[in-house]
Structure formats: C-alpha cells, structure tokens
Amino acid sequence: MACCILQALSGILAHMNTPLIVQSDGSILLDVHDPGADEARSAIAGFTELIKSPEHMHTYRITPLSVWNGASAGLQLAEIEQSLSGYSRFPVPGNILFQLRDLYSRYGVITMHATDEEGILELQVHNPDVLAELQENRELNKLTEQTASGFRLHLYQRGTVKQTLIHIGYPVQDLAPLAEGEDYPFALRKTTTSGRPFAPREYQVAAVESFVGDGRPGTGFGTVVLACGAGKTIVGMQAMYRLQTSTLILTTNIAAVHQWIRELVDKTDIPREDIGEYTGERKEIKPITVATYQILVWRPDVESDFPHFSLFSSRRWGLIIYDEVHLLPAPMFRVTAEIQAVRRIGLTATLVREDGREGDVFSLVGPKRYDVPWKELEERGWIAAAECHEIRLPLPAELKIPYATADKRAKFRIASENPLKIEATRQLIAKHPQDAILVIGQYVAQLKKLAAELNAPLITGSTPNQQREEIYQQFRDGEQRIIVVSKVANFAIDLPDASMAIQVSGTFGSRQEEAQRLGRILRPKDRNVLFFSLVSRFTTEEQFSANRQKFLTEQGYKYHIELYDPEV
DNA sequence: GACGTTGAAA
DNA sequence: GAACATTCAACGTC
C-alpha cells in the first residue's frame with residue numbers, strides 16, 4: 001500500500017520540474033504547464049531552436065548552428081548535457097547525446113590565423129580525419145592551397161572560405177587579426193537631453209564586453225540576441241563607446257535610421273553634424289553614418305553592380321553595426337565577406353531567418369556572443385512581464401456566405417471587421433477597469449464605429465497633430481483611459497504608455513511591425529501588461545496568428561488562445 | 001520640393 | 001477620404 005502511494009507520489013513528482021521530452025528524432029518537447037517550464041526554457045534556449053509553440057507543448061530542436069552558437073557563447077558540453085537530462089522526463093536517447101557531442105566537437109577543429117606572409121592567412125585543422133576529408137573537397141581546393149597541417153588562403157577569401165566550410169558542416173574559429181579604423185573619441189551622456197539620468201545597464205555592458213573580448217584573437221565580431229524592448233540601440237551605442245572609432249550603422253528602414261540618430265543625439269555627446277544619414281533621401285558620409293540595407297543593395301538593374309557598396313570603402317570604418325541582423329538581405333553577404341577585417345556586431349531578437357541562411361550570418365557577421373536571459377530582464381523589471389491573449393471569435397452566420405464567395409483580399413477584410421469584435425472589446429474593457437487601454441486597428445471604418453460605441457477618442461492618419469497631442473495628454477493625465485488608434489499612429493509619433501492593448505485588426509504578416517507595436521506598449525512598468533488580439537475563427541486571419549505566436553514565444557512572452565462565445 | 005510610378009528583393 | 005497581407009530607391013512629372 002505504502003509502496004503504491006510512494007509510487008504515485010514519485011509519479012507526480014516526476015512531472016514536476018521535468019518539462020522536457022527529448023525524442024530520438026531530435027525534437028524536444030516542452031510541457032508549458034509544468035512548474036519547471038520557464039526554468040527549462042531558459043536552460044535550453046542557448047543551444048536549441050524553437051520550431052513551433054502552440055498552447056500546450058512547444059517544440060525545440062538541436063541543430064548544428066544552435067549547438068555552435070551555444071559553444072561560441074561559452075557553453076560547455078557538460079552544461080548542455082546537464083540541462084537536457086536534468087529537465088528531461090525520460091532518459092535522453094543515446095543517439096541524441098552522440099549527435100550533440102559530434103556537433104559540439106566540430107566547433108574549434110578548424111582555426112584561421114595570420115601568417116608571416118603579407119596578405120596570406122592559414123587554416124589549421126586540428127583533427128587528422130577532418131583534414132583528410134577536407135583535402136578531398138573540391139570547393140575548398142579551389143579557394144585555398146594545401147599545407148601540411150591545413151590550408152593557405154588569400155586575405156580576400158577570408159569570408160568565402162568560412163562560408164564554404166560551414167556549408168559542409170565545419171564552423172571556423174576566426175583568430176586572424178582585425179583592422180583598426182579611424183579614431184573617433186566621444187562620451188556617453190550621464191543625463192539625456194530631456195534631463196533623465198542615463199547609463200547602460202549591466203547586461204548591455206556585458207553583451208558588449210562579450211563581443212569586444214579584450215581584443216583577444218577571435219573576438220571583435222559577433223551577434224547579440226536581445227528581447228524586444230531590451231535596448232538594442234543602447235548595446236550598439238555602448239559598442240561604439242567601447243571602441244571609440246568611426247562607425248557604420250545598418251538598419252532595415254528609414255524610420256529606424258531616424259530612431260538611431262535621435263538616440264545618438266539624445267544619449268551621446270556626438271555633435272549632430274558628425275552623424276550622417278545615408279538613405280534614398282540623403283547621402284551623407286560622416287564619422288558616424290546610419291544607412292538602410294535597401295540603399296546598399298540597390299542597383300539600377302539585375303545586371304549591374306551595386307553602386308552603393310562603395311560606402312564600405314569610403315572611410316576606414318572601425319565598427320559596423322548590423323541592426324536586425326536576421327533581416328540582412330542576401331546580397332549583403334557578398335560585401336560582408338569582403339570586409340572580414342572590420343569589427344562588427346549583429347543585433348537581433350531572433351537568429352532564425354526565413355531563407356535558412358543562418359550559417360552565413362554565423363560565419364560572416366559572427367556567432368552569438370551573448371543572449372540576454374529574458375526571465376532575468378523580467379524579474380528586474382527591465383522589460384514588462386507580458387501576457388498575450390488571442391481571442392478567437394466566430395463569424396456571424398449572415399457573413400458566412402459573403403465570406404465564402406469573396407476573393408482573398410475581401411475575405412481578409414470581412415474577417416477583420418467581424419462585428420462581434422466590438423462587443424468582445426467592450427467586455428474586455430469592462431473586465432479590466434484599472435488599465436489604460438489602447439485599441440489598435442487597421443480599418444478606419446471599423447475604428448470609427450468602435451470609438452463611437454466605446455465613447456473614446458479616435459486617432460487616425462488624418463487627425464491633426466495638435467488634436468493628437470491633446471488626446472495623448474488626456475490619456476497621460478488619466479482623464480481618458482481608452483484611446484482608439486489606427487495603424488498610421490504606429491509610426492513617428494510617441495504613443496503614451498499603456499498597460500493593455502487590444503488589437504482588433506492588423507497586418508499580421510509583418511513581424512517587424514508587430515514587434516514595434518508591442519515594444520511601444522510593453523514598456524517597463526510596475527505591473528504586468530496585457531495584449532489581446534481578436535481574430536475571426538476559421539478565416540485567413542488565423543493563418544497569421546501562427547506566425548505571430550511563434551515570434552512572441554521566441555521573445556519569451558506567454559501566449560494563450562481563448563475562444564469567445566457570444567452567448568456569454 | 002511634393003507626389004506618383006516602377007522595379008527589385010526574398 | 002479610404003485603402004494598403006512590404007519596403008525602399010530612383011526617376012519621372014507637376
């Protein structure tokens with residue numbers, strides 16, 4: 001009897017803090033409801049890749065790159081094995097451990113060094129079997145010359161060789177020296193222009209140190225992974241400050257270019273006239289220059305060369321910052337391969353690319369050096385603990401026929417403008433009487449109706465600036481706790497901080513936009529923030545939710561899906 | 001300058 | 001005034 005109780009108890013205990021199921025096909029399942037789920041998630045995040053994240057079980061996978069990124073961030077093999085078995089509900093399959101050790105051992109087998117000869121580098125292969133295998137590789141033989149212990153190559157093949165080797169399964173540890181850029185001394189401000197005290201946070205400094213690495217060979221380039229709202233710009237700024245050299249900053253769009261310039265003016269003593277904007281609108285090249293990827297990869301036609309690549313050689317840059325490095329356009333790899341001697345830092349919230357070129361980011365920009373543990377950020381109040389809820393509503397019967405017969409675009413609109421969303425919004429607002437709420441949507445007609453029903457002010461693209469300011473002021477003062485904003489309000493304007501947002505319609509396709517929108521709302525606060533997204537069931541709207549969900553889970557947000565029943 | 005069109009990237 | 005399931009640069013027009 002006692003034995004049975006013990007057995008049952010240990011059965012229950014086995015399900016506590018053992019949220020992982022490691023399967024022999026390489027998938028790792030994380031039971032979200034296990035009390036140890038958050039802890040386990042943090043433990044495995046450094047060497048796995050998130051594949052999908054529905055309600056109950058999240059799927060991760062061990063990939064070559066995820067292991068090598070872990071290795072270059074300093075994770076030991078023993079730690080990785082410990083994290084896997086420690087949280088695992090069942091014994092970890094032997095083939096997975098074998099695969100893990102094999103992958104891990106490949107990191108560091110090949111190293112790249114300078115030689116006495118001008119303009120010549122060498123590869124050293126520290127394993128005779130691997131050396132024999134590589135000596136037979138045609139691609140590599142085209143780029144290099146064989147030596148007794150490895151290969152010789154020209155300086156300008158530095159990037160291409162690394163790319164080639166990672167494609168055949170061997171990451172290269174690049175220990176060749178980097179070039180020094182022009183000096184550019186400046187200081188960080190102690191107070192921002194608005195008078196608030198400013199200092200980079202511990203983890204922002206630590207992230208930069210992990211990439212600068214005291215100038216030891218093999219450091220000075222790499223990628224830093226940061227959750228949304230954790231201050232990517234500040235990490236970039238700290239890197240500039242640490243190196244005191246002329247810097248080229250590359251970003252995804254013009255709005256981000258302006259954002260970087262604003263931040264630099266606000267938080268450093270760099271004079272505005274030393275900061276250049278290199279975009280379609282302006283072509284300034286200054287000691288600190290901010291450019292879009294778009295202009296760099298622009299060319300008059302497919303046959304031509306990229307005229308703006310000359311930006312890279314127009315100055316002796318000492319640092320290149322790749323903002324949102326997971327969005328680096330493919331042609332940028334070519335030019336990045338040519339400038340492997342320049343210090344560079346990639347900033348991103350996720351290493352996953354839609355086109356599967358993570359390996360090129362790894363070998364050309366650099367491996368992951370630092371991963372800010374989101375749980376820690378949350379505990380310290382640096383980013384708000386966010387709860388995301390997706391609420392699925394039925395489509396009213398009278399809309400089902402129009403929906404079925406509509407074309408793609410009209411379908412999306414019908415689903416977006418589902419009239420039940422108005423009632424659902426009203427109920428959500430009633431349930432959260434303490435929160436300052438933003439209602440966000442894309443279709444002006446729908447928002448007008450909502451604003452009228454909720455008796456809340458509406459801001460769209462055509463709202464004059466003065467009126468916007470008045471509404472924002474009322475919101476900040478607490479006179480008005482709800483405002484309805486259209487998509488236009490996303491950009492350029494400073495939305496006041498809210499503690500809750502309800503998205504009634506939106507372009508769920510663009511994850512970047514989604515991130516920006518969330519980042520705006522989810523500022524550090526003394527309380528949790530809530531994000532609700534209303535989606536019509538069984539419609540095209542649902543397809544986009546999967547994308548968003550994965551993205552948000554990657555950021556560490558909790559995500560819940562609920563069904564809305566109009567009878568209640 | 002402001003605005004609209006076009007082509008390109010993935 | 002509404003629409004836009006992306007964004008940007010160049011180049012044309014007024």
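In what follows, every chain begins at residue 1, and chains take the letters A, B, ... in the order their sequences are listed. In this text, all values refer to a predicted model and were calculated from it rather than measured experimentally.
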Distances for protein N/O vs nucleotides 8-12 of chain C N/O pairs under 3.5 angstrom?
from, atom 1, to, atom 2, distance (Å)
C:dC8, OP1, A:Ile254, N, 3.0
C:dA9, OP1, A:Gly280, N, 3.0
C:dA9, OP1, A:Thr292, OG1, 3.0
C:dA10, OP1, A:His308, NE2, 2.9
C:dA10, OP2, A:Lys283, NZ, 3.2

Listed pairs under 3.5 Å, donor-acceptor, residues 283-291 of chain A side chains, sequence neighbours left out:
from, atom 1, to, atom 2, distance (Å)
A:Lys283, NZ, A:Thr279, O, 2.7
A:Lys283, NZ, A:Gly280, O, 3.3
A:Glu284, OE1, A:Glu277, N, 2.8
A:Lys286, NZ, A:Glu273, O, 3.0
A:Thr289, OG1, A:Lys286, N, 2.9
A:Thr289, OG1, A:Lys286, O, 2.6

Take the protein atom CD of A:Glu358 and the nucleotide atom P of B:dA10, then report the distance between them rounded to whole Å. 15 Å

Return the value, rounded to whole Å, for the distance between atom CG of A:Leu447 and atom P of C:dG1. 16 Å

Flag the pair A:Asp323 and A:Lys232 as a salt bridge only when some basic side-chain nitrogen lies within less than 4.0 angstrom of an acidic carboxylate oxygen. no

Rounded distance (Å) that lies between atom C1' of B:dT6 and atom CG of A:Asp301: 13 Å

Output the rounded distance in Å from CG (A:Leu327) to C1' (C:dT6). 12 Å

Distance check needed: C:dT6 P versus A:Glu324 CD, whole Å only. 18 Å

On a whole-Å scale, what distance lies between the C1' atoms belonging to B:dT5 and C:dC4? 16 Å

Taking atom types as modelled and ignoring hydrogens, do the side chains of A:His560 and A:Glu562 form a donor-acceptor contact shorter than 3.5 angstrom? no

For atom P, what is the distance between B:dT6 and C:dA3, given to the nearest Å? 23 Å

Which part of the nucleic acid does A:Ala445 contact within heavy-atom distance under 4.0 Å: base, sugar-phosphate only, or nothing? nothing

Integer-rounded Å distance: C:dT7 P and A:His258 NE2: 16 Å

Using a 4.0 Å heavy-atom cut-off across all strands, classify A:Pro300 as base, sugar-phosphate, or nothing. nothing

Take A:Gln446 and A:Lys421, measure what side-chain hydrogen bond (donor to acceptor under 3.5 Å, both in side chains) needs, and give me the verdict at the end. CA-CA 10 Å; A:Gln446 179 189 30; A:Lys421 288 183 176 180; over 6 Å; no

Of all pairs that satisfy salt bridge (charged side-chain N to carboxylate O under 4.0 Å, His left out), the ones with a partner from residues 293-315 of chain A, not counting sequence neighbours: A:Glu182-A:Arg315, A:Asp305-A:Arg334

Is the shortest side-chain N to carboxylate O distance from A:Arg392 to A:Glu390 below 4.0 Å? yes

